[in-house]
Amino acid sequence: MKSTFKIGLCQFSVTPDKERNIGHARKAIEEAAQKGAQLVLLPEIWNSPYSNDSFPVYAEDIDSGGDASPSTAMLSEVSSHLKITIVGGSIPERCGDKLYNTCCVFGTDGKLKAKHRKIHLFDIDIPGKITFIESKTLTAGETPTIVDTDVGRIGIGICYDIRFQELAMIYAARGAHLLCYPGAFNMTTGPLHWELLQRARATDNQLYVATCSPARDAGAGYVAWGHSTLVGPFGEVLATTDHDEDIIISEIDYSILEQRRASFPLTKQRRGDLYQLVDIQRPHSL
């Protein structure tokens, strides 16, 4: 495992043209790799407009692969060709009669290493601001996802998953070095909570947090906040951008994790006699 490497966050615009989106994502990944990124993170729902009407139309059968999932076929091909790890944002996934919001992780050999289905669906109502009910079309995932890669042990969440600190704590307890959250916060919650939540998850768990949003399209039905970001284990913003298309390249150094944890030995100081987090599905191998 590499202890020091570069991560690339690919913030790009998403259109109703799926083929264009796939080509655009490929170019962004290639550019990030050209700039030295060994891990590349894509946005949430990057192959489709973000809407309940679009999810069923753009959904792909990831397990079947090939022509049934051109988005993940591209990710597999590019990760293998460039010898990089890709946390492939998310796309709508069709499995039987259900739809999921799904993130696929591909290794340097082009093989699918993990698949995370968004656990917490975005069902919110802020009167006069925004209402979105993902559960109208999507089904919630049932499993936390942590994956060992050439660039460390990574915990995966999608957008709304970041609001639930228990998931991040479980990942930290399972030995994660980095949490990746493809996400598309909106113009109401973005300014208030996007950076705040990333810094909180990183600080509480003393690890790196990376997020990647689509670029903002003011004319879209759902307007993304943007501001893809990398946060360090002290809660410090290491790299970020605004709302336009951008590729952020930043360095991750895992040796800093141990420094921070030595300075603040939170794990040893927790009062297990007073409170505990129960990891229902913890694998015995971790």
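As a basis for the values below, the full set of heavy atoms in this structure was taken, side chains included, without hydrogen atoms, waters or symmetry mates.
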Worksheet, complete the sentence: Ile156 and His116 have their tightest heavy-atom pair at O-CE1, 3.4 Å
Item to complete: Look at the aromatic rings of Trp194 and Phe185 and report parallel, tilted or perpendicular, splitting at 30° and 60°.
Response: tilted
Discussion item. I need the minimum non-hydrogen distance between Pro43 and Pro214, along with the two atoms involved.
Written reply: CB-N, 3.4 Å
Fill in: ring pair (Phe, Tyr, Trp, His ring centres under 6.0 Å) contacts touching residues 258-282 (sequence neighbours left out)
Phe234-Phe264
Discussion item. Any carboxylate oxygen within less than 4.0 angstrom of a Lys/Arg side-chain nitrogen, looking at Glu44 and Lys118?
Written reply: yes
Worksheet entry | Modelled atom types, side-chain donor and acceptor of Asn47 and Ser71, under 3.5 Å | yes
Discussion item. To check you understand the geometry: which heavy-atom pair defines the closest contact between Ala140 and Tyr100, and what is its length?
Written reply: O-CE2, 3.9 Å
Fill in: Pair His24, Glu245: side-chain N/O donor-acceptor within cut-off below 3.5 Å
yes
Fill in: More than 12 heavy atoms of other groups within 6.0 Å of Gln269 CD
yes
Worksheet item: Which pairs, with at least one residue in residues 50-73 and sequence neighbours excluded, count as a ring pair (Phe, Tyr, Trp, His ring centres under 6.0 Å)?
Response: Tyr50-Phe55, Tyr50-Phe132, Tyr50-Tyr222
Worksheet entry | Those residues that, when tested against Arg199, pass salt bridge (charged side-chain N to carboxylate O under 4.0 Å, His left out) (two or more places apart) | Glu195
Practice prompt. Would you please test Asp217 and Ser13 for side chain to side chain donor-acceptor pair (under 3.5 Å) and show each step?
Written response: CA-CA 7 Å; Asp217 176 1; Ser13 59; over 6 Å; no
Worksheet entry | Flag for Asp17-Thr15: side-chain donor and acceptor within less than 3.5 Å | no
Worksheet item: side-chain contact (heavy atoms from CB on, under 4.5 Å) between Ile29 and Ile86: does it pass, once the steps are laid out?
Response: CA-CA 9 Å; Ile29 295 166; Ile86 297 176; 4.0 Å; yes
Practice prompt. Kindly give the heavy-atom pair with the smallest separation between Lys113 and Gly107, and that separation in Å.
Written response: CD-CA, 3.5 Å
Discussion item. Does Arg216 form a side-chain contact (heavy atoms from CB on, under 4.5 Å) with Met187? I'd like the steps, not just the answer.
Written reply: CA-CA 10 Å; Arg216 188 181 306 167; Met187 299 299 291; 3.5 Å; yes
Item to complete: Verify side chain to side chain donor-acceptor pair (under 3.5 Å) between Thr211 and Gln198, making sure each step is shown before the conclusion.
Response: CA-CA 8 Å; Thr211 60; Gln198 294 172 65; 2.8 Å; yes
Worksheet item: Any Lys/Arg nitrogen of Asp148 or Arg153 sitting under 4.0 Å from an Asp/Glu carboxylate oxygen of the other?
Response: yes
Discussion item. Glu93 and side chain to side chain donor-acceptor pair (under 3.5 Å): which single residue from Thr102, Thr72, Thr139 fits?
Written reply: Thr102
Worksheet item: Taking atom CD of Gln34 as the centre, does the number of heavy atoms from other residues, nucleotides or ligands within less than 6.0 Å exceed 12?
Response: no
Discussion item. Side chains of Asp61 and Ser69: any donor to acceptor distance under 3.5 Å?
Written reply: no
Worksheet entry | Exam field: side chain Asp150 to backbone Lys2, donor-acceptor pair closer than 3.5 Å | no
Worksheet item: So, are Lys18 and Glu60 salt-bridged, with charged N and O less than 4.0 Å apart?
Response: yes
Discussion item. Students often mix this up, so state it plainly: with edges at 30° and 60°, are the rings of Phe164 and Tyr160 parallel, tilted or perpendicular?
Written reply: perpendicular
Discussion item. Can you confirm whether the side chains of Ser48 and Asn21 place a donor and an acceptor under 3.5 Å from each other?
Written reply: no
